[in-house]
Amino acid sequence: MRIRCISKFSPRRPVHRCPPVESANGVDARRHVMTAASVYLHVPFCRQRCSYCDFFRVTDAEGTHPLAARWFDLLWQELLLWRAEGAVSPETPLRTIYMGGGTPSLTTPRVIGDFLNRVRGEFAVASDCEITLEMQPGTTTRAGVEELAAAGINRFSVGAQTFSQRWLDLSGRRHSADDTRTTITAVREVAGDTALSVDLIAAWPGQDLTALRGDVEEALSFGPAHLSVYELTFKDGTELARAEGAGEVVALSEDDRAEMFIEVACLAAAAGLAQYEVSNFARPGSESRHNTAYWTLDDCVGLGAGAHSLVWPHRYSNPHDLGGYAASVEQGRLFRVVNDAADPEIFAAENLFMALRLLRGVDLDWFAGRVGSDVRQTHAIALARLQEAGLVELNDSLLRLTSEGLLRADGIAALFV
Ligand code: SF4
């Protein structure tokens, strides 16, 4: 349950700027003929700096950042640049569009609606395209939710994080628990519970099982079709890490966190939401299609400074530089850099553990075809070690995390390489 929005997947390694035709990771890019059916929009402006956040964002407390007003125009221009090089095709129907951040719900419904109309005008959009907006409580009124739904948003991911004022204060967020209740209620009433996803954070300093249950049960009481519960982490450079270093807050023990992880899964299951990924729970059919595309290694084009893309077999990222991004896109150049693992074995391991986050597991025959090498041969010793440790199980060609492996999902990749 580590906090890690997969749409912000960020391999930490040096980057280089020239996309190779044949990848250093050993996969022949010319064999790849698909185009992306998923688009991620990164909207990096936030009203506050949350104490735990290490995402790329800029604090724009008054909403006056000069680029905020024309951000969606820049995203549109970038999308056209990806189209010009064939990574997004006007013919391949888009299946998911995801607006994340940052705080994309600070954008007006009119701007979001105009962007979606442009997309519909120039691209094929599947009739059941999943269009998600991350919503921070208190940033949108009920009328705003109505306008957003009318514009085509059909999935609202509400960042509740907690209903406890104690931890809202620690988080540095500007909304109250009542703001969260109001926003969730508006989404439910306007768009229905199938359009509602709620995000929570577990393992706050001082949180016990009773308090965790309170948060999860309140979130579930609204009947969301989807729930995400991430474990609080203390990332370098965050206010929370500083506070922990200064002894002002104490992280929960591994045992306590594991107990919480199991409790969340039980509560979600009792409400009819099955765990389908390490941190995600859904009613059957309401799994996030966008995030599932990441875990199944489908192509996704990420727009905006700080966004990441997968155009198989290459991973790209847009540097964390708003001005540089705007200038580049306006001059007709993509701002991306290549993030490929130079070592084919690391490339295979990273992609395998991305895919393994899904509880259904990974078919290693399929995976071998995807990455061009078979981990049963290239990583035989590491795989055997993980099996002996009871962290993964291999049945025929299906590799899955065990219940113990799920508790340690974020650490397993490091054991594999
Ligand atoms: S609103 Fe989200 S992106 Fe912005 S600072 Fe808070 S956690 Fe980070």
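Residue indices begin at 1 and follow the sequence shown. Atoms within a ligand are numbered from 1 in the order they appear, just like the ligands themselves. Please read these numbers as outputs of a predicted model, since none were measured by experiment. Note that these values count all heavy atoms, side chains included, but never hydrogens, waters or copies made by symmetry.
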Proximity to ligand 1 by part of Gln48, non-hydrogen separation under 4.0 Å: both
Per-atom contacts, ligand 1 versus Gln136 - under 4.0 Å to a heavy atom: 1 (S)
Side-chain heavy-atom pair Asn280, His226 within 4.5 angstrom cut-off: yes
Trp71/Tyr325 aromatic ring centres below 6.0 Å: yes
Part of Cys46 with heavy atoms under 4.0 Å of ligand 1, whether side chain, backbone, both or neither: side chain
Qualifying residue, where the test is side chain to side chain contact (heavy atoms under 4.5 Å, CB included) with Glu259 and the options are Leu212, Leu209, Leu252: Leu209
Name of the residue among Leu168, Thr182, Ile184, Asp179 meeting side chain to side chain contact (heavy atoms under 4.5 Å, CB included) with Pro137: Asp179
Atoms in ligand 1 with a heavy atom of Arg57 nearer than 4.0 Å: 5 (S), 8 (Fe)
Proximal ligand 1 atoms for Tyr52, defined as those under 4.0 Å from one of its heavy atoms: 7 (S)
Intermediate values then yes/no, salt bridge (charged side-chain N to carboxylate O under 4.0 Å, His left out), Asp298 and Arg95: CA-CA 11 Å; Asp298 291 335; Arg95 294 185 61 247; 5.4 Å; no
N/O/S atom of Cys53 inside 2.8 Å of atom 8 (Fe) of ligand 1, strictly under: yes
